[in-house]
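For ligands, and for the atoms within them, numbers begin at 1 and follow the listed sequence.
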Amino acid sequence: MVSALQIVAVPAFADNYIWLVHDADSGETAVVDPGDAAPALAEAERRGWAIGQVWNTHWHPDHTGGNLAVKDATGARISGPDGPRIPARDVTLAEGDEVRLGRHVGRVIAVPGHTLDHIALLFDEDRVAFVGDTLFAMGCGRLFEGTAEQMHRSLQRLASLPADTRLYPAHEYTLGNARFSVEAEPGNDDIAERLAKVSRLLDAGEITLPTTVAEELATNPFVRAPDADKFAQLRNAKDMFRS
Ligand SMILES: [Zn+2]
C-alpha cells in the first residue's frame, strides 16, 4: 500500500503557486517550480519536510529563480528540461524520462508551446500531473516560443489523461480565464457555473486549484478547441482580452 502524495500550494509573487510534494512513506519531499526559494523553504520547515528534489517545468525565472537558494539551503537535486537556462540543474528531463519520490513515479512528457522546453510530470498511479504554464484552470499559457499547433497538441495530451486526474498549474489565473471563457462560450452552463464557483472560492480566501481533466474538458475553451486554427483564434482573442 502506497500512501497518497501530499501536495501543498505555496503562494509566491503576485499569482504563482509553488507546489510542495511530500511522500509520507519515504519522508521525501520535492518542490515544483520554486521561482522564489524563501516561501517554499519556510513552508517545508513549518511542516518538518526536508526538500530533497527540485522539479522544473520550464526555464522562466518565476519557476526557476529559487533553484540555487533551495539547493544551497537543502542540497536538493535539481531536475529540469534541457537548455542553458535552468539554474544549477543536475538532471536533464525529456520525454520518456521519470522522476521518483519514494515509490511514486512521475512520467515526463514534452508539452511545448508556452516555451519550447516545457515539460509536464504525470504521476499516473496517483492521478496527479504538474503542468506548469501549459494548462491553467479554464485557460492555457501564452505562446512565447512555440506555435499554436504545438500548444494545441500539448493540451490535447493533457486532456487525454484519465478524467479524474488532478492538474496542478503554476498560476492563479482562474477568475480572468473564467470571465474570458464565458465570452468564448456564452451558451455553456458548466462555464457559467464554474465562474460563480471560482468567485465564491476567491471571496472566501481559498485557491481555485488543483483542477481536473474532467473539469477542463467541460469548461476550458482552449482544451475544447477542435483544431489548432480554432485554438489559435482563441489564444489571440485572450491575449487582447481585458477582464
Ligand atoms: Zn512561464
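The six-membered or imidazole ring of H22 lies away from that of H104, with a centre-to-centre distance of 6.0 Å or more. For H60 and F144, the ring centers sit closer than 6.0 Å to each other. In this structure, the ring of W19 has its center no less than 6.0 angstrom from the ring center of F123.
With sequence neighbours excluded, the residues forming a salt bridge (Lys or Arg N to Asp or Glu O under 4.0 Å) with R127 are D164, listed by chain and number.
Sorting the N, O or S atoms of D133 by how far they are from the Zn ion (ligand 1) puts OD2 first. H60 contributes ND1 as its N, O or S atom closest to the Zn ion (ligand 1).
Here the Zn ion (ligand 1) is the vertex; the NE2 atom in H114 and the NE2 atom in H58 give an angle of 100° (to 10°).
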